[in-house]
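Letters go in sequence order (proteins before strands), and every chain restarts at 1. In this text the structure is predicted, and so the values were computed from the model without any measurement.
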Number of protein chains: 2
Amino acid sequence: MTSEKLDRRKRYTRMVLKKSFMQLLKEKALSSITVKEICEIADVNRSTFYAHYTDQYALLKQIEDELIEDMKSYLSTANLQKEDEAVHMAQKLLEYFSTKQDECQTLLNETGDSSFERKVMVVAQNIIMKNWMDVYDFDNDISNYLSTFIVSGSVQVIKMWMANGMTQPPKEMAILINDLVNKGLYHVRKG
Amino acid sequence: MTSEKLDRRKRYTRMVLKKSFMQLLKEKALSSITVKEICEIADVNRSTFYAHYTDQYALLKQIEDELIEDMKSYLSTANLQKEDEAVHMAQKLLEYFSTKQDECQTLLNETGDSSFERKVMVVAQNIIMKNWMDVYDFDNDISNYLSTFIVSGSVQVIKMWMANGMTQPPKEMAILINDLVNKGLYHVRKG
DNA sequence: AACACAGTGTTGTTTACTCAACAGTCAGTT
DNA sequence: AACTGACTGTTGAGTAAACAACACTGTGTT
């Protein structure tokens, strides 16, 4: 944890740079975004950008990582108990996406290397592994393929959900996704 | 015209201070607004405030003066021709208020010394004097009282209009105000 | 009257940002 | 192949803002 309390000016500079970058990312492809553009929108001198980040990609990485960290800490507030942990965690995750819809959607739809999507999948995968290991019964070889399959499917459903304006409430979607997963896992269920 | 192009940092600092002050002015009385509060909302060090303004009142004065200047330059774009200059100018003025409703309304409703209202009245009075002098016939003694009467009445109507959400379009209001004025001037009309 | 408390102006030092200038790379002209 | 134009990454000097500390005033409390 690098929790040194930042100077107001640093805080502000980084905030506007992120904001301006996200705005551009909504409008155009990552590869076509220049440092110069970011600085013009942010109204920050270009040399200042380089005092904080090496390039656009480093900035993107930091935005993604911070969002993932924020997501994790949001998820950790869930009190996971007994049964229904699965649905509950899924709901929490969906709730998080709905609170940060704008950012999440932009980053998930980013056409480049899909790094954010992969980061989200890691988080989701860890949740699955932690909470479902004792419910389902399979060896580790299979479990990796299976959880990947489940997570990637779920993430795509979530993307659709956001693209359609998140009509259904998080809870309903959580149940829906859980059902999809359970159907997929029907044959490997324990007991 | 002190049109030195300001350093980005100065521009930003003054912008946020003004913004934060206007926010406070919407919420509470001028006399209860402290420099400390302004700086906290603006996220600016208090010593920085004093590098730009001597106190809250100086800041308010500058906000008002800048808005008045902006208003004047907006009005000067009107091409005042022949007859109907009166209605046309009134319309321009109302258009301006509608574009800056938020600021204008806040400043006009400010319970303190009504300095903004007086500044607006001076502008309006000058317009009247310039454009109506040849239409109406009265000596200067009377004209001062009369134009003051007209302007103050008009400003109050404009305040009502804004308070009621500016339901009528500027043009309609301009005609309405013009009618009110003409009724008041009926007896001193020329020819 | 002594007290705490909150805002005021002001100061000196440190830090972050601006700005202008630079040489460098790369894609598209002509 | 030279030329243009746009973005890059870096530098150094100058300026603005942050921060922490100060003594001061006023206001209310006990």
Side-chain angles (χ1 to χ4, degrees), chain A residues 1-64 66 110-113 115, chain B residues 1-64 66 110-113 115:
Chain A
M1 302 287 164
T2 52
S3 58
E4 11 154 6
K5 199 166 62 180
L6 286 184
D7 189 303
R8 281 181 155 114
R9 291 168 294 182
K10 284 194 167 184
R11 262 187 282 143
Y12 171 74
T13 298
R14 293 183 183 178
M15 184 272 287
V16 279
L17 285 175
K18 285 171 195 164
K19 201 171 130 195
S20 128
F21 180 77
M22 287 300 289
Q23 182 190 318
L24 283 167
L25 202 55
K26 249 187 278 188
E27 296 165 1
K28 42 155 60 181
L30 170 59
S31 60
S32 73
I33 297 174
T34 68
V35 173
K36 195 171 171 254
E37 272 179 313
I38 299 170
C39 295
E40 276 167 0
I41 294 176
D43 197 19
V44 158
N45 195 286
R46 201 160 49 84
S47 67
T48 304
F49 179 96
Y50 291 107
H52 292 273
Y53 310 102
T54 62
D55 53 31
Q56 311 95 308
Y57 307 99
L59 174 54
L60 173 59
K61 182 180 172 353
Q62 193 180 306
I63 291 173
E64 287 178 354
E66 280 173 4
E110 198 268 297
T111 51
D113 59 354
S115 55
Chain B
M1 299 290 163
T2 52
S3 59
E4 12 153 8
K5 200 166 61 182
L6 286 183
D7 190 305
R8 281 181 154 116
R9 291 168 292 184
K10 282 194 168 184
R11 263 188 281 144
Y12 172 74
T13 299
R14 292 184 184 177
M15 185 272 287
V16 280
L17 286 175
K18 285 171 194 165
K19 201 172 130 194
S20 126
F21 180 76
M22 286 301 288
Q23 183 190 319
L24 283 167
L25 201 55
K26 248 187 281 189
E27 295 164 3
K28 44 158 52 183
L30 171 61
S31 61
S32 73
I33 297 175
T34 67
V35 172
K36 193 166 173 260
E37 271 179 313
I38 299 170
C39 295
E40 276 167 0
I41 293 177
D43 198 19
V44 157
N45 195 285
R46 202 160 49 83
S47 67
T48 305
F49 179 97
Y50 291 107
H52 292 272
Y53 310 103
T54 61
D55 53 30
Q56 311 96 305
Y57 307 99
L59 174 55
L60 174 59
K61 181 180 172 352
Q62 193 180 305
I63 291 173
E64 288 178 353
E66 281 173 3
E110 197 267 298
T111 50
D113 60 355
S115 55

Visitor: Would you please name every residue forming a salt bridge (Lys or Arg N to Asp or Glu O under 4.0 Å) with D43(A), sequence neighbours left out?
Guide: R8(B), R11(B)

Visitor: Take the C1' atoms of the five end pairs on each side of the helix from dA4(C)-dT27(D) to dT30(C)-dA1(D), get both axes, and report the angle to 10 degrees.
Guide: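 About 30°, once rounded to a multiple of 10°.
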
Visitor: Suppose we screen for side chain to side chain contact (heavy atoms under 4.5 Å, CB included). Which residues come up paired with E37(A), at least two apart in sequence or across chains?
Guide: L24(A), K28(A), I33(A), T34(A)

Visitor: Show me the pairs that pass salt bridge (Lys or Arg N to Asp or Glu O under 4.0 Å) and involve residues 48-62 of chain B, at least two apart or across chains.
Guide: K61(B)-D65(B)

Visitor: With sequence neighbours excluded, tell me which residues meet salt bridge (Lys or Arg N to Asp or Glu O under 4.0 Å) with R9(A).
Guide: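 Partners of R9(A) by the salt bridge (Lys or Arg N to Asp or Glu O under 4.0 Å) criterion, ordered by chain and then number, come out as D7(A).
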
Visitor: Using a 4.0 Å heavy-atom cut-off to protein, can you give one letter per nucleotide of nucleotides 7-16 of chain C, 5' to 3': B if the base is in contact, S if only the sugar-phosphate is, - if neither?
Guide: SBBBB---BB

Visitor: Can you give me the first and the last nucleotide of DNA chain D (5' to 3') that has an atom within less than 4.0 angstrom of a non-hydrogen atom in chain A?
Guide: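 First and last nucleotides in contact are dC7(D) to dC19(D).
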
Visitor: Which pairs, with at least one residue in residues 8-45 of chain B and sequence neighbours excluded, count as a ring pair (Phe, Tyr, Trp, His ring centres under 6.0 Å)?
Guide: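 Qualifying pairs, neighbours excluded: Y12(A)-Y12(B).
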
Visitor: Identify, with sequence neighbours excluded, every residue that meets side-chain hydrogen bond (donor to acceptor under 3.5 Å, both in side chains) alongside N45(B).
Guide: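 Here the qualifying residues are S47(B).
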
Visitor: Considering residues at least two apart in sequence or located in another chain, which fulfil the side-chain hydrogen bond (donor to acceptor under 3.5 Å, both in side chains) criterion with E66(A)?
Guide: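 Partners of E66(A) under the side-chain hydrogen bond (donor to acceptor under 3.5 Å, both in side chains) test: K18(A), Q62(A).
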
Visitor: Between L25(B) and I63(B), does a side-chain contact (heavy atoms from CB on, under 4.5 Å) hold up when you go through it step by step?
Guide: CA-CA 12 Å; L25(B) 201 55; I63(B) 291 173; over 6 Å; no

Visitor: For E64(B), check side-chain hydrogen bond (donor to acceptor under 3.5 Å, both in side chains) against everything at least two apart and list the hits.
Guide: S115(B), K119(B)

Visitor: Partners of K19(A) by side-chain hydrogen bond (donor to acceptor under 3.5 Å, both in side chains), sequence neighbours excluded?
Guide: none

